[in-house]
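Proteins come first, then strands; the chains are lettered A, B, ... in the order of their sequence lines, and each starts at number 1.
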Protein chains: 2
Amino acid sequence: MSRLAGMTAPTASTSPGKSQLLELVAALGSAQWQDFSTSAARHGLTGAQAKLLAQLKGPVPMRGLAALLVCDASNVTGIVDRLEARGLVRREPDPSDRRVKNVVATEEGQETIRRVREEMMRATGDALDAFDDEERAVLHGLLERLRTGLERRG
Amino acid sequence: MSRLAGMTAPTASTSPGKSQLLELVAALGSAQWQDFSTSAARHGLTGAQAKLLAQLKGPVPMRGLAALLVCDASNVTGIVDRLEARGLVRREPDPSDRRVKNVVATEEGQETIRRVREEMMRATGDALDAFDDEERAVLHGLLERLRTGLERRG
DNA sequence: GTTGATGCTTGAGGTCGTCAAGCAACTGGG
DNA sequence: CCCAGTTGCTTGACGACCTCAAGCATCAAC
C-alpha cells in the first residue's frame, strides 16, 4: 500500500535533499507567475495590478494591501491609482478613521480578476489533470504543512 | 499503511480542487521569492540579478539567458551590464560566432550566488526539517510530475 | 555578393519598488 | 483642553526592471 511512495521514490535511499525541493518549488512558482502575468496582460493588467486585485475579497485599507503584498505603502498608492483610473477599483473613506482609505473592487474589477483566474486555471491548472484524488489530497496536505512552516518565522 | 493520505486528507471526500492547490503553489512561490530577494539584497543584488547569476553554471549566450529568464534580450543587456560593472560576471566572445557574447560568472560571482543560495536555504529551507525522508520523496515526486506537466505545453 | 535571418545593443517610455518628506487625523498624558 | 507622538496616505526623486522599435555587425544560403 505504499503505492505513492513506490510511484514517486524509485529507491528508498533516494532522499531528494532540500535544495532540489526548493529548486522545484521555485521553478513551479516562476512558471505559475508567468502564466498569471500573461493571463493578466490579455486583460491589460500587469502582474502586480492583478495580484493586488486578487486580494480584494472585501474592502481593504491601503496599509493592509502593503502588508499583503509585502511592499512599501507608497508603492500601493501608484498601483491603486492606475487600477482606479481604469475603473477596476474604488477608494472609499473609512467611517471609523478618516485617515484610512478602503480599496474595493468594482463590478468590472471583480469580473476581470475572475477571468484572469479562469484563464490561469486553464493554463497552469491542466497539469493537475494527471493527478487522482488521493494524490491531490497528499500534495495539498504536504504543501499546506510547508506553507504554515514558512509562515511561523519572521 | 495509507499513512500519508490519512495524515493529510482527514476525510476521503475532501478533494482539494485545482484552485486551492494553485493558490498554495502561488503562496509558496511568492514566499520563496521574497526570501531569495532579501538574501540577494544582503549582498547588494536585486532579485533579477541574482536569478540571472543563478543560471550561470557555465558560459551562456545573452540570447540563452533571455530564453531562460523568459524576457526580452534587451532586458538581459541591462542586467548583465550592472553585474559586469560590479565584477560578478564577464562577457566573453564566442569563438565560433562573433555575434555571440557568452556570459560567465567570475570567481566572486560564483561565491556571491553560493552565499545567497545558502542563506535562502537557512530561511526557506528550515520549513522542510519537519518532513521525514518518505514525505520528502513523495513531495519531490509529485512536484516533479507537476513541473514536467507544465513544461509540455507551449 | 546580395539577401535575409540572427545576436546584441541603444533609446524611449512605462511600471515597479524604495526612501525621505509632508499633511491629515487619531491617541494618550498632562 | 492641548499638545506631543504615532499612524495612514500621498508626493517627489531616483533607480531597477521590462518591452518595443530601430540599428549595427555577423552569419548563412542562394
In residues 69-76 of chain B, which residues come under 4.0 Å of DNA chain D by heavy atom?
-> B/C71, B/D72, B/S74, B/N75
Counting heavy atoms not belonging to B/E23, are there more than 12 under 6.0 Å from its CD?
-> no
Inspect the contact between A/R86 and A/E84 and indicate whether a charged nitrogen and a carboxylate oxygen are less than 4.0 angstrom apart.
-> no
On DNA chain C, reading 5' to 3', which nucleotide is the first and which the last to sit with an atom under 4.0 Å from a heavy atom of chain A, could you check?
-> C/dT15 to C/dC26
Any chain of hydrophobic side-chain contacts (each under 4.5 Å) joining B/L69 to B/V116?
-> yes
Proximity to DNA chain D (any heavy atom under 4.0 Å), residues of residues 91-103 of chain B only = B/D97, B/R98, B/R99
Is B/T77 touching bases, backbone alone, or none of the nucleic acid, heavy atoms closer than 4.0 Å?
-> base
State plainly whether one hydrophobic cluster holds both B/L21 and A/L150, where clusters connect Ile, Leu, Val, Met, Phe, Trp and Tyr through side-chain heavy atoms under 4.5 angstrom apart.
-> yes
Length of the CD1-C1' vector between B/I79 and D/dG15, whole Å = 13 Å
Starting at CD of A/Q34 and ending at C1' of D/dC18, how long is that distance when rounded to a whole Å?
-> 12 Å
Among B/V104, B/T106, B/V103, find the residue that satisfies the side chain to side chain contact (heavy atoms under 4.5 Å, CB included) test when tested with B/V89.
-> B/V103
Taking 4.0 angstrom as the limit, do A/K18 and B/D129 come out as a salt bridge?
-> yes
Of all the heavy-atom pairs spanning B/G29 and A/V25, show the shortest one and how long it is.
-> N-CG1, 4.5 Å
Given side chains that start at C-beta, do those of B/L45 and B/L83 come closer than 4.5 Å, heavy atoms only?
-> yes
Are B/L56 and B/L52 side-chain neighbours, meaning at least one heavy-atom pair lies under 4.5 Å?
-> yes
When A/E118, A/E111, A/E119 are each screened for side chain to side chain donor-acceptor pair (under 3.5 Å) with A/R115, the one that passes is A/E111
